[in-house]
Protein chains: 2
Amino acid sequence: MRPGFSPDIFPPRGHEAKRLSIVDAAAGVFCREGFAGANIDLISAEAGVSRQTVYNHHGDKEKLFMAVVRDLTERCNVGIFATIATFPDQPGDLEADLIGFAVRLNQNCICNRDGKFLRKLIQTEGERYPELFAEWREQGPGRTWPAIAARFARLAYGGHLTIDDPDVAARQFLGLANAELQTIFMLGGTPSEDEVLQSATNGVRTFLRAFGKRPSPSSVKKHTALANA
Amino acid sequence: MRPGFSPDIFPPRGHEAKRLSIVDAAAGVFCREGFAGANIDLISAEAGVSRQTVYNHHGDKEKLFMAVVRDLTERCNVGIFATIATFPDQPGDLEADLIGFAVRLNQNCICNRDGKFLRKLIQTEGERYPELFAEWREQGPGRTWPAIAARFARLAYGGHLTIDDPDVAARQFLGLANAELQTIFMLGGTPSEDEVLQSATNGVRTFLRAFGKRPSPSSVKKHTALANA
DNA sequence: GACGATTTAGACAAGAGTGTCTAAATTTGT
DNA sequence: ACAAATTTAGACACTCTTGTCTAAATCGTC
């Protein structure tokens, strides 16, 4: 590292790129093989890097694993909050808007590479690293659920929904939207776009049957018109 | 084994008991450590058996793993069908009866030892043994979901519910009943009785808001009476 | 108590993986 | 093109695990 000059940015340029490709490859291998089954030779090969470089960057296997989980958590959080920002606060067609939101949440946060990997690592190794996953819990669900619940609360306050407990409603919303994807998730598969849309559509319809306002005359007219179009 | 007599029952008595204790211990260790991380010495120690006995019974690690999954699948299926048999076909108080059913399903099939273990093994190692888990899918979800859906269809036919698609309704029922337990399941934890009851209660209420018949005058009277009691 | 079958403890070879080290090759900034 | 830092390949010691083997101990049954 440079003698006495700007010691804060020691790694030049390709350095950081290699760090990323290592973490990326490691994520894939840890997910496929589990922590114990993952081997550093395979990770380095998949990252296109020598084994020694992996050790230079991350010290040992356990530290590498931690880095993977932290990276995934952070990237997933960014995606989730970006998606929450698209929540329909002033809905035009509430049903269509909520279906769109549910589909975006699935495609951008749950079914994408990062989401799948993070979920699997939590399920697989969660019990082995209590502090690490406690941190995930605070940073992840602990911040995203209230954010989603707040959006539903606003929708209720605006008169678009009839909700007792926004927290419960938020969890039930996702439970319904993903009701038909559970078996696929369980086996680590990725549902097709159609499957996501189908599940979200059925889920949102049920959600609105339970929490939607009884259709006012005008909206009935509108829906009927659409159905006949 | 006995010279020329009844060659079908070679293992005497304690033999089968040991086989069971090995499979039991193996289930626990495979779940905690993953397939690669599980070690036969630990399994044999936990089963109270010598390592050689494990090999005598199951040949090798992979065959042992298969035996574990098959055993768990079979035991879980028994539990699930036993619980489905308690589905309220002629409900008195529909809400209470469905909550009871949801709680039983959780406690006897999903949150119990076998259910937890099987779920974790499927999530963790499902991709590594496609045929094995294809078998599970047919024997498990492939048979239980239609059975549950049929019960909801009967309830709808009997005029207790308004359902378009019984298969969708069945999946949404479980999705709602477990909506509040997802984070706990994800980390491999076991929800408390209270948490199960709470989630089931909220889930069933929402389910009935969506699919229940509008309360008839008599049932309103009844519920009001109960509420005031 | 005696017999056959099962289980046990321990040693063993073979293989795989981690983490370290070194010297040579390569990349990077100037 | 130079100098410093980084990366690389390969060898290495060490540990752990699997699966086999053997001889002694134990169990169940007659």
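Order of the sequence lines sets the chain letters (A, B, ...), proteins ahead of strands, with each chain counted from 1.
In this structure, the CD1 atom of B/Ile43 is 8 Å from the P atom of D/dT18, given to the nearest Å. A/Phe65 places its CZ atom 17 Å from the C1' atom of C/dT18, with the value rounded to the nearest Å. Separating the CZ atom of B/Arg51 from the C1' atom of D/dT22 is a distance of 14 Å, rounded to the nearest angstrom. Look at NZ on B/Lys63: it is 13 Å from C1' on D/dT18, rounded to the nearest Å. Atom CD of B/Glu62 is separated from atom C1' of D/dG19 by 14 Å (rounded to the nearest Å). Regarding A/Leu42, its CG atom lies at a distance of 15 Å from the C1' atom of C/dT18, rounded to whole Å. The CZ atom of B/Phe30 sits 14 Å away from the P atom of D/dT17 (whole-angstrom rounding). Here C/dG10 presents its P atom at 12 Å from CG of B/Asp41, a figure rounded to the nearest Å.
Under the 6.0 Å cut-off for aromatic ring centres, A/Phe87 and A/Phe152 qualify, their centroids lying closer than that.
How far SG of B/Cys109 is from CD1 of B/Ile84: 8.0 Å, rounded to the nearest 0.5 Å.
A/His57 comes within contact range of the sugar-phosphate backbone alone, with a heavy-atom separation under 4.0 Å but no base atom that close. A/Ala36 comes within contact range of no nucleotide atom at all, as no heavy-atom separation falls under 4.0 Å.
Comparing C/dA11, C/dT8, C/dG19 by their closest approach to the side chain of A/Asp60 singles out C/dG19. Of the candidates C/dG17, D/dT7, C/dT8, the closest approach to any side-chain atom of A/Asn39 belongs to C/dG17. Among the nucleotides C/dC12, D/dT8, C/dA9, the one closest to any side-chain atom of B/Gln52 is C/dA9. When distances run from any side-chain atom of A/Asn56 to the nucleotides C/dT20, D/dT8, C/dA9, the shortest one goes to D/dT8.
A close approach under 4.0 Å does occur between a side-chain nitrogen or oxygen of A/Thr53 and OP1 or OP2 of D/dT8. Put simply, B/Lys18 has no side-chain N or O that comes within less than 4.0 Å of OP1 or OP2 on D/dC27.
Ion pairing between a basic and an acidic side chain is recognised when a charged N comes within 4.0 Å of a carboxylate O; B/Glu95 and B/Arg205 show such pairing.
Of the residues near DNA chain C, A/Gly37 and A/Gly59, the one whose nearest nucleotide (by heavy atom distance) lies more toward the 5' end is A/Gly37.
Within a 6.0 Å sphere centred on CZ of A/Arg154, heavy atoms belonging to other residues, nucleotides or ligands number 12 at most.
In this structure, the side chain of A/Thr124 engages the main chain of A/Lys120 through a donor-acceptor pair within 3.5 Å.
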